[in-house]
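Here the structure comes first, spelled out in structure tokens, and everything after it is commentary.
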Amino acid sequence: NVLDKYIEKEALHAMMAVLTKKQRNLIYQNYVLDKTHQEIADGMGIARGSVTRSVNQALERIRRKFDFETADEQEYPANRKSGKRFSLYQ
């Protein structure tokens, strides 16, 4: 459906707009180009841990800004109060 695609595109633009230029670049490489964190790190000349941390921070920023919950948080609401961090991939 054309309307659904338009809505998805607008939502993606809104989510990417809350990120820094570096975070947008990392998310693009990781999710659109399907590169691993190691491949991104090698290409940028930085440590893999730095890529992982930055990607996680970007996902957390999106999650907080748009009030997303992961499946684990929906299933176990008490985990939200504990401050436990979650991955969007769970």
Side-chain angles (χ1 to χ4, degrees):
N1 181 324
V2 174
L3 180 58
D4 289 338
K5 288 183 181 197
Y6 175 78
I7 291 169
E8 287 175 14
K9 181 178 175 184
E10 290 300 309
L12 178 60
H13 282 286
M15 286 184 267
M16 294 296 274
V18 303
L19 302 178
T20 66
K21 185 176 182 178
K22 178 183 175 183
Q23 288 172 328
R24 283 192 302 271
N25 180 32
L26 292 171
I27 294 295
Y28 176 79
Q29 289 189 63
N30 193 200
Y31 290 96
V32 177
L33 301 180
D34 201 30
K35 289 186 178 183
T36 66
H37 290 182
Q38 189 62 58
E39 290 170 331
I40 296 168
D42 291 346
M44 296 178 72
I46 59 177
R48 183 194 52 78
S50 180
V51 172
T52 299
R53 186 172 34 262
S54 294
V55 167
N56 287 339
Q57 288 171 346
L59 296 174
E60 180 66 20
R61 180 179 274 189
I62 291 169
R63 203 179 323 21
R64 287 176 189 253
K65 176 71 176 175
F66 295 95
D67 199 28
F68 287 137
E69 293 180 344
T70 64
D72 192 46
E73 289 173 307
Q74 291 170 5
E75 188 173 343
Y76 304 105
N79 287 341
R80 276 180 272 166
K81 297 176 186 171
S82 71
K84 182 178 174 187
R85 302 187 97 190
F86 296 91
S87 168
L88 283 178
Y89 340 121
Q90 289 181 341

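Below, all heavy atoms of this structure are taken into account, side chains as well, without hydrogens, waters or symmetry copies.
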Which residues pass the side-chain contact (heavy atoms from CB on, under 4.5 Å) test with [X], not counting sequence neighbours?
{"X": "D4", "result": "N1"}
{"X": "K65", "result": "V18"}
{"X": "N25", "result": "Q29, M44"}

Donor-acceptor pair between Q38 and D42 side chains, under 3.5 angstrom: yes
For atom OH of Y28, decide whether the heavy atoms of other residues, nucleotides or ligands shown that lie under 6.0 angstrom number more than 12. no
Tell me the closest heavy-atom pair linking [X] and [Y], and the distance in Å.
{"X": "S50", "Y": "K22", "answer": "OG-NZ, 4.3 Å"}
{"X": "A17", "Y": "R24", "answer": "O-NH1, 4.5 Å"}
{"X": "E39", "Y": "D34", "answer": "OE1-O, 4.3 Å"}

Interatomic distance, R61 atom CZ to Q23 atom CD [nearest 0.5 angstrom]: 4.5 Å
Could you check V51, L59, T36, I40 and say which one makes a side chain to side chain contact (heavy atoms under 4.5 Å, CB included) with N30? I40
Does one hydrophobic cluster hold both [X] and [Y], with members joined at side-chain heavy-atom distances below 4.5 Å?
{"X": "Y6", "Y": "M15", "answer": "no"}
{"X": "Y31", "Y": "L12", "answer": "yes"}
{"X": "I62", "Y": "I7", "answer": "no"}
{"X": "V32", "Y": "L26", "answer": "no"}

Salt bridge or not between K5 and E8? Use side-chain N to carboxylate O under 4.0 Å. no
Which ILVMFWY residues are connected to V2, directly or by a chain of links, through side-chain heavy atoms under 4.5 Å apart? none
R53 meets the side-chain hydrogen bond (donor to acceptor under 3.5 Å, both in side chains) criterion, sequence neighbours left out, with none
